[in-house]
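Below: the structure, in structure tokens.
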There are 2 protein chains.
Amino acid sequence: MSIENEADIDAADHTPRMAARRQAMIDAAAAVFFEQGFERASLSAIVRRSGGSLSTLYQLFGSKEGLFEAMVTQRCAEIMEPLTAPHLPDQCPRETLTRIARGLMGVLMDPEAQGLWRMVMGEGIKFPRLPEIYFRCGPDPLQAAMIRYLGELHERGVVQCPDVGSVVNAFCGMIQSDLFYRTVTGMRPIPAAEEIERHVQKVVDLFMRIIAVGAASSEHVPGHAPHQKGGHQHQ
Amino acid sequence: MSIENEADIDAADHTPRMAARRQAMIDAAAAVFFEQGFERASLSAIVRRSGGSLSTLYQLFGSKEGLFEAMVTQRCAEIMEPLTAPHLPDQCPRETLTRIARGLMGVLMDPEAQGLWRMVMGEGIKFPRLPEIYFRCGPDPLQAAMIRYLGELHERGVVQCPDVGSVVNAFCGMIQSDLFYRTVTGMRPIPAAEEIERHVQKVVDLFMRIIAVGAASSEHVPGHAPHQKGGHQHQ
DNA sequence: TGAAAACTGTAATGTACGTTACATTATCCT
DNA sequence: AGGATAATGTAACGTACATTACAGTTTTCA
């Protein structure tokens with residue numbers, strides 16, 4: 001039943017009319033799921049929004065979870081498309097990193113992307129496919145591209161990245177800061193473009209200090225801890 | 001009705017027996033809510049776990065949301081207690097920051113704290129009280145303490161923080177990296193202590209480069225004038 | 001000890017929703 | 001055009017659950 005069912009589903013939108021319905025339903029599902037969460041979202045509400053009928057919905061997607069996964073699969077790719085191909089060969093590193101940071105913030109501050117993020121983090125434990133799809137569409141390619149980019153700069157001696165992976169993680173973590181958390185939880189409204197830009201600049205500023213060629217390498221530097229009481233555990 | 005009801009609720013656990021029930025119910029609620037999410041969690045399941053009866057639950061908490069809020073209020077404080085009073089006056093900055101980072105990672109990797117985090121991020125939009133309580137118990141005091149600490153070090157000239165707020169955000173963001181996201185979504189198991197420690201060291205390493213006194217202060221053109229091509233200011 | 005109050009267990013109520021069944025209407029192809 | 005097929009609208013079914021009602025049981029305390 002399950003296999004046959006899935007075959008039916010894949011073959012179901014052969015006519016152009018049905019393909020349009022399918023897309024309308026996915027759009028409506030995105031709106032309702034992102035706003036209400038999976039459990040709270042009702043299929044009737046989705047159909048009310050999309051037009052068509054419950055019968056058609058079941059014919060196309062088989063179940064609530066089927067519709068959900070179809071929607072997430074499609075939306076993930078669309079929403080995070082700007083992250084998958086950042087313009088890497090560019091001006092000076094600072095300019096390129098600023099561009100990447102802007103792109104990342106653009107996605108992080110997009111209302112629909114925030115809805116997706118909320119679902120991935122909140123319900124990912126219950127739907128393992130959800131974080132799978134999410135990471136494959138967004139963080140994975142972005143990190144890979146940045147690692148390639150910074151690794152090359154490091155080899156050319158333009159910047160200094162002792163551990164490229166950690167450095168990339170630091171960059172992404174710095175972008176995704178308090179500002180984002182308070183926005184995605186609804187504690188504060190989505191900030192204006194200029195505040196976003198200010199944050200981008202701050203992050204790139206700090207990040208440049210991490211990868212600056214002249215920076216003290218990450219050795220333990222006791223030089224600036226003059227007055228310390230006796231040694232303490234460091235294990 | 002609402003006011004009278006709340007008064008009743010507050011006055012309801014006067015007997016020691018009832019206070020114990022109340023705690024048992026909060027404990028059970030934490031387990032079930034964190035595992036299932038608010039909508040999915042059923043009050044019967046909670047009562048089955050806590051002992052007592054549905055009647056008592058309603059007498060104590062008034063509603064599902066009442067129980068939820070009571071649970072979150074209590075658990076937030078307990079879970080994030082390690083963050084509110086980090087041992088700031090300490091050895092060298094590096095050692096102190098390492099200690100803070102370990103504390104933060106300890107909370108972030110605690111299964112119950114991850115359940116709480118999932119709810120705050122996933123359902124915070126639907127329950128504004130949730131992020132309110134969360135931020136007040138966790139991030140707010142931690143950030144305040146770190147700002148105080150780093151600000152003082154900066155004035156003493158031990159470290160260099162052009163903008164303490166941003167620097168603190170960077171620190172917290174770096175800690176809360178990919179490792180955390182993949183753990184909290186269930187994509188990977190909670191890492192072993194030594195991997196956590198490795199991450200802590202990496203983060204502190206990179207962070208020390210940000211606040212190192214000798215670092216090139218990345219002053220670039222102030223104001224938000226867009227970057228002109230070819231404007232190299234570093235190398 | 002015994003009555004009042006507190007507590008518990010079970011069942012009932014109302015509702016919301018996922019899913020399915022079916023009768024009706026629109027669309028397509030020859 | 002006209003029959004086969006696709007698509008729709010409506011309603012029914014079963015279930016799960018928050019919430020309430022109530023009758024029975026335990027605890028409290030004078």
Side-chain angles (χ1 to χ4, degrees), chain A residues 1-2 4-26 28-29 31-33 35-71 123 126-127, chain B residues 1-2 4-26 28-29 31-33 35-71 123 126-127:
Chain A
M1 161 200 179
S2 169
E4 215 174 358
N5 203 349
E6 197 161 323
D8 282 0
I9 291 170
D10 288 347
D13 56 343
H14 266 0
T15 86
R17 210 156 110 254
M18 213 45 169
R21 263 280 109 78
R22 184 189 165 88
Q23 191 54 53
M25 282 177 167
I26 285 185
V32 176
F33 276 130
E35 188 186 346
Q36 312 266 0
F38 181 83
E39 303 287 344
R40 227 182 169 81
S42 101
L43 294 185
S44 315
I46 291 175
V47 166
R48 215 176 305 132
R49 210 183 159 109
S50 70
S53 68
L54 261 177
S55 322
T56 310
L57 191 154
Y58 271 89
Q59 197 176 324
L60 285 172
F61 303 101
S63 70
K64 189 180 187 182
E65 299 194 8
L67 170 60
F68 181 62
E69 181 166 334
M71 180 276 284
E123 324 217 43
K126 214 74 197 178
F127 293 96
Chain B
M1 159 198 175
S2 170
E4 213 175 0
N5 203 348
E6 195 163 323
D8 282 358
I9 291 168
D10 288 348
D13 57 340
H14 265 0
T15 85
R17 208 156 109 254
M18 211 46 165
R21 265 279 109 80
R22 183 189 168 88
Q23 191 54 52
M25 282 179 167
I26 284 186
V32 176
F33 277 131
E35 187 187 345
Q36 312 265 1
F38 180 82
E39 303 287 343
R40 227 183 170 82
S42 101
L43 295 184
S44 315
I46 291 174
V47 167
R48 215 176 305 132
R49 209 183 158 109
S50 70
S53 68
L54 260 178
S55 323
T56 310
L57 191 156
Y58 272 88
Q59 198 175 323
L60 284 172
F61 303 100
S63 69
K64 190 180 187 182
E65 300 196 10
L67 169 60
F68 181 61
E69 181 166 333
M71 180 277 282
E123 324 217 45
K126 215 74 197 179
F127 292 97

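Chain identifiers are assigned alphabetically (A, B, ...) following the order of the sequence lines, protein sequences preceding nucleic acid strands; residue numbering begins at 1 within each chain.
- A search for side chain to side chain contact (heavy atoms under 4.5 Å, CB included) contacts involving A:Glu69 returns A:Thr73, A:Arg129, A:Ile133, not counting sequence neighbours.
- Comparing atom distances between the A:Ser42 side chain and each of D:dT8, C:dG9, C:dC17 picks out C:dC17 as nearest.
- One atom, OH of B:Tyr58, and another, P of D:dC22, lie 17 Å apart when rounded to the nearest Å.
- B:Ala45 comes within 4.0 angstrom of nothing in the nucleic acid, heavy atoms only.
- A residue-by-residue look at A:Glu65 and B:Met25 shows that B:Met25 has its nearest nucleotide of DNA chain C further toward the 5' end.
- Residues A:Ile26 and A:Met71 come closest through the heavy atom pair O-CG, 3.6 Å.
- Listed nucleotides: D:dA7, D:dT19, C:dT20. Nearest to the side chain of A:Gln59: D:dA7.
- With rounding to whole Å, B:Leu67 atom CG is found 15 Å from D:dC17 atom C1'.
- Rounded to a whole Å, the CG atom of A:Leu57 is 13 Å from the P atom of D:dG9.
- Across the protein-nucleic acid pair, A:Ile46 atom CD1 and D:dG9 atom P stand 16 Å apart, rounded to whole Å.
- In terms of position along DNA chain C, the nucleotide closest to B:Ser53 lies nearer the 5' end than the nucleotide closest to the other residue of the pair B:Ser53 and A:Ser44.
- When the P atom of C:dT19 is taken as reference, atom CG of A:Leu43 falls 7 Å away, rounded to whole Å.
- Proximity note for B:Lys64 (side chain, C-beta onward) versus D:dG9, D:dA18, C:dT20: the nearest is D:dA18.
- For A:Met18, taking side-chain heavy atoms from C-beta onward, the closest of the listed nucleotides C:dA21, C:dT8, D:dA7 is D:dA7.
- Put simply, CZ on A:Phe61 is 13 Å from P on D:dA7, counting in whole angstrom units.
- Taking CG from B:Leu67 and CE from B:Met25, the interatomic distance works out to 8.5 Å, rounded to the nearest 0.5 Å.
- In this view, B:Ala28 and B:Ile46, B:Arg49, B:Ser50 satisfy the side chain to side chain contact (heavy atoms under 4.5 Å, CB included) rule, not counting sequence neighbours.
- Taking the side chain of B:Leu54 as heavy atoms from C-beta on, and the options D:dT8, C:dA11, C:dG18, the nearest nucleotide is C:dA11.
- Rounded to whole Å, atom P of D:dA18 lies 13 Å from atom CZ of B:Arg40.
- Between B:Thr56 and C:dT8 there is a side-chain N or O to OP1 or OP2 distance below 4.0 Å.
- Among D:dT19, D:dA21, C:dT19, the nucleotide with an atom closest to any side-chain atom of A:Ser63 is C:dT19.
- Atom C1' of nucleotide C:dC7 and atom CG of B:Leu60 are separated by 10 Å, given to the nearest angstrom.
- Taking 4.0 angstrom as the limit, B:Arg21 places a side-chain polar atom (N or O) nearer than this to OP1 or OP2 of C:dT8.
- A tilted orientation is assigned to the rings of B:Phe68 and B:Phe127, their planes being inclined by 30° to 60°.
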